[in-house]
Q: 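Quick one: structure below, then a few questions.
Since the model is a prediction, treat every value here as computed from it, not as a measurement. Atoms considered below: every heavy atom in the structure, side chains included; atoms not considered: hydrogens, waters and symmetry mates.
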Amino acid sequence: MLNDVTVFNIHDYLSAKDDKELGEEELLGFLSEFSCDKNIYVERFLKGQSVEFTKKNQSVTYRKQCLPSQKRV
């Protein structure tokens, strides 16, 4: 099952300065697509606070993305 998801570290996106596919702008766009019906607080944190928390080294946030063919639980 671990092969059915993609996990990434937000810090990796923020620290990638020369990579055109990474960076804060791309990260914010990617995070805007996230939704969590089971816990709206998780969604709000990821979209509204996770980047700032990561910049301040207050937390390390990872995002897990299911592949389109995987059922969401």
Side-chain angles (χ1 to χ4, degrees):
M1 183 165 176
L2 191 55
N3 294 333
D4 295 11
V5 298
T6 300
V7 178
F8 68 86
N9 182 328
I10 288 178
H11 187 268
D12 293 344
Y13 266 75
L14 296 176
S15 62
K17 301 200 184 310
D18 296 329
D19 192 329
K20 293 179 182 175
E21 293 181 15
L22 300 178
E24 187 171 351
E25 187 174 319
E26 290 76 11
L27 173 63
L28 292 173
F30 193 59
L31 293 177
S32 70
E33 298 172 6
F34 177 80
S35 67
C36 183
D37 296 334
K38 291 189 176 197
N39 191 334
I40 191 68
Y41 299 108
V42 169
E43 182 176 341
R44 287 180 186 163
F45 173 79
L46 190 64
K47 290 180 175 181
Q49 296 173 309
S50 63
V51 172
E52 291 304 315
F53 272 56
T54 301
K55 286 180 179 179
K56 295 176 184 178
N57 291 319
Q58 289 180 300
S59 70
V60 177
T61 305
Y62 294 86
R63 180 174 186 255
K64 173 184 166 184
Q65 177 180 352
C66 299
L67 296 176
S69 62
Q70 183 181 3
K71 288 184 179 179
R72 294 186 178 197
V73 182

Q: Output the distance between atom OG (Ser32) and atom CG (Leu27), rounded to the nearest 0.5 Å.
A: 9.5 Å
Q: For Glu24 and Val51, work out which heavy atoms get closest and say how close.
A: OE2-CG1, 3.8 Å
Q: Quick one: salt bridge (charged side-chain N to carboxylate O under 4.0 Å, His left out) partners of Glu52, sequence neighbours excluded?
A: Lys55
Q: If I take atom OG from residue Ser50 and atom CG from residue Leu14, how far apart are they, to the nearest 0.5 angstrom?
A: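 Here the interatomic distance stands at 8.5 Å.
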Q: Once you round to the nearest 0.5 Å, how far does CZ of Phe34 lie from NZ of Lys47?
A: 8.0 Å
Q: In terms of ring plane angle, is the pair Phe45 and Phe53 parallel, tilted or perpendicular, where the classes change at 30° and 60°?
A: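 Ring orientation of Phe45 relative to Phe53: perpendicular.
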Q: According to side chain to side chain contact (heavy atoms under 4.5 Å, CB included), who are the partners of Asn39, at least two apart in sequence or on a separate chain?
A: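 Asn39: side chain to side chain contact (heavy atoms under 4.5 Å, CB included) contacts with Cys36, Tyr41, Val42.
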Q: Which distance, rounded to the nearest 0.5 Å, do you find between the CZ of Phe30 and the CG of Leu46?
A: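 Phe30 atom CZ to Leu46 atom CG measures 10.0 Å (nearest 0.5 Å).
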